[in-house]
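Below: the structure, in structure tokens.
All figures in this text were calculated on a predicted structure; none of them were measured in a lab. Below, each value reflects all heavy atoms present in this structure, side chains not excepted, and no hydrogens, waters or symmetry copies. In what follows, chains carry the letters A, B, and so on, assigned in the order in which the sequence lines appear, proteins first and then strands, with residues in each chain numbered from 1.
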Amino acid sequence: MNYNDFVKQVPRTMRGPLSENLIDIILEGDESLAIPPSLAKTILHYWQRDQLDSEAGLTNLLKATFEAEPEKTLKVIDTFDLKELRVALQPA
Amino acid sequence: MRSFGIEFVPMELFWKTTYYCMQAEKLGYDSVWITDHFNNRNVYVSLAFIANYTDRIKMGPGVTNPYLIHPVYTAQSVASLNEVAPGRVICGIGAGDRTTLEMLGRKMESPLRAMRESVELIRAQIAREKSGYEGQMFSTSAGARFNFKTKGEVPIYIGAQGPKMLGLAGEVGDGALINASHPRDIERAVSLIEAGADKAGRSMEDVDVAAYTSFSVADDRKSAKKSVVPVVAYIVTRSGRTSRNATGGRPSAPSTAT
């Protein structure tokens, strides 16, 4: 799955709030072990630079949340009414 | 100058604790303390990670103890951390709590002596003194020093609750971590630290005094109190009789904010 292509569909104005919602999912979630340490470190890298709402930051964040908490991730995407992204991420 | 620090318990995955510390730095906190308990994730692994992802905030164990971790290893750990985060490392050390020590078959023997010697030995070791250290509880032979160069000092904060330990913090500590929350307890503790500093010919400007309080933030007062109850209960059960007497046998009310 190419998360970067999905993130490109997210309007720039939505990227900040979306990243905040996604980070809450992985901080509060119980499935954090599903996130590989290398991916977690990449997220910390972007967070340190305040770039979690950048295309690359959001791509990694989306990958992490979808791997750890797919249902919650889809729920957040619904909240933002990102229909195309929802369809693309929806399990077959 | 007044500053603010925050303690984190490394109960969660390394990157979550790191994230919280990064958040603390971004919010303007001056220091983060990571607890040192055998049943949580390792304090120095956590701190090394935090050091990598922060730039300004000070950090250190809050607090380690000399019964489970030999002071020379504490010195080695904070000196190594100081290479990763130069000038940002602080070291909190206390006598530990009896319950945890007993779980590992250790006794809290001569805590005042142990703490005094620990502070002296950590300082001597970081300074790479050649002569060795001869104490009653800890000793090192001449030449037992690090093979790596150390740079700068690491301020040592003594975690204290009882009157004698608070006095010792004033005597020998670079700082004191007062393990209390009630303003009355803090006032009493500060006067004991001051008396200790006087005894050693020091002034209170030589001792950075920190109130290591339980602080709970929630939308309403009831929720704030509820979430801090386990922490206060833990502190009270491991505190000495003197501390409990000072509050009439009742736990000090935690600070809460809504």
- Message: Closer than 3.5 angstrom, by distance alone: can the side chain of A/K41 be matched with the main-chain N or O of B/W15 as a donor-acceptor pair?
- Response: no

- May I ask you to check whether over 12 heavy atoms, not counting those of A/Q9, lie within 6.0 Å of atom CD? yes

- Item | Contact origin within B/Q23 toward chain A - heavy atom pairs under 4.5 Å | both

- Message: Counting neighbours of CD on A/E84 that are heavy atoms of other residues, nucleotides or ligands and sit closer than 6.0 Å, is the number greater than 12?
- Response: no

- Flag if over 12 foreign heavy atoms under 6.0 Å of OH, B/Y29: no

- Query: To the nearest 0.5 Å, how far apart are CD1 in A/I43 and OH in B/Y19?
  - Reply: 10.0 Å

- Item | Atom CZ of A/R49 with >12 non-hydrogen neighbours under 6.0 angstrom | yes

- Relative to chain B, which segment of A/I26 carries a heavy atom at a distance below 4.5 Å: side chain, backbone, both, or neither? both

- Query: Around atom OH of B/Y20, are there more than 12 heavy atoms of other residues, nucleotides or ligands at under 6.0 Å?
  - Reply: yes

- Query: What heavy-atom pair brings A/S32 and B/K16 nearest, and what distance separates the two atoms?
  - Reply: OG-NZ, 2.7 Å

- Item | Gap between atom NZ of B/K26 and atom CD of A/Q48 - 0.5 Å precision | 7.5 Å

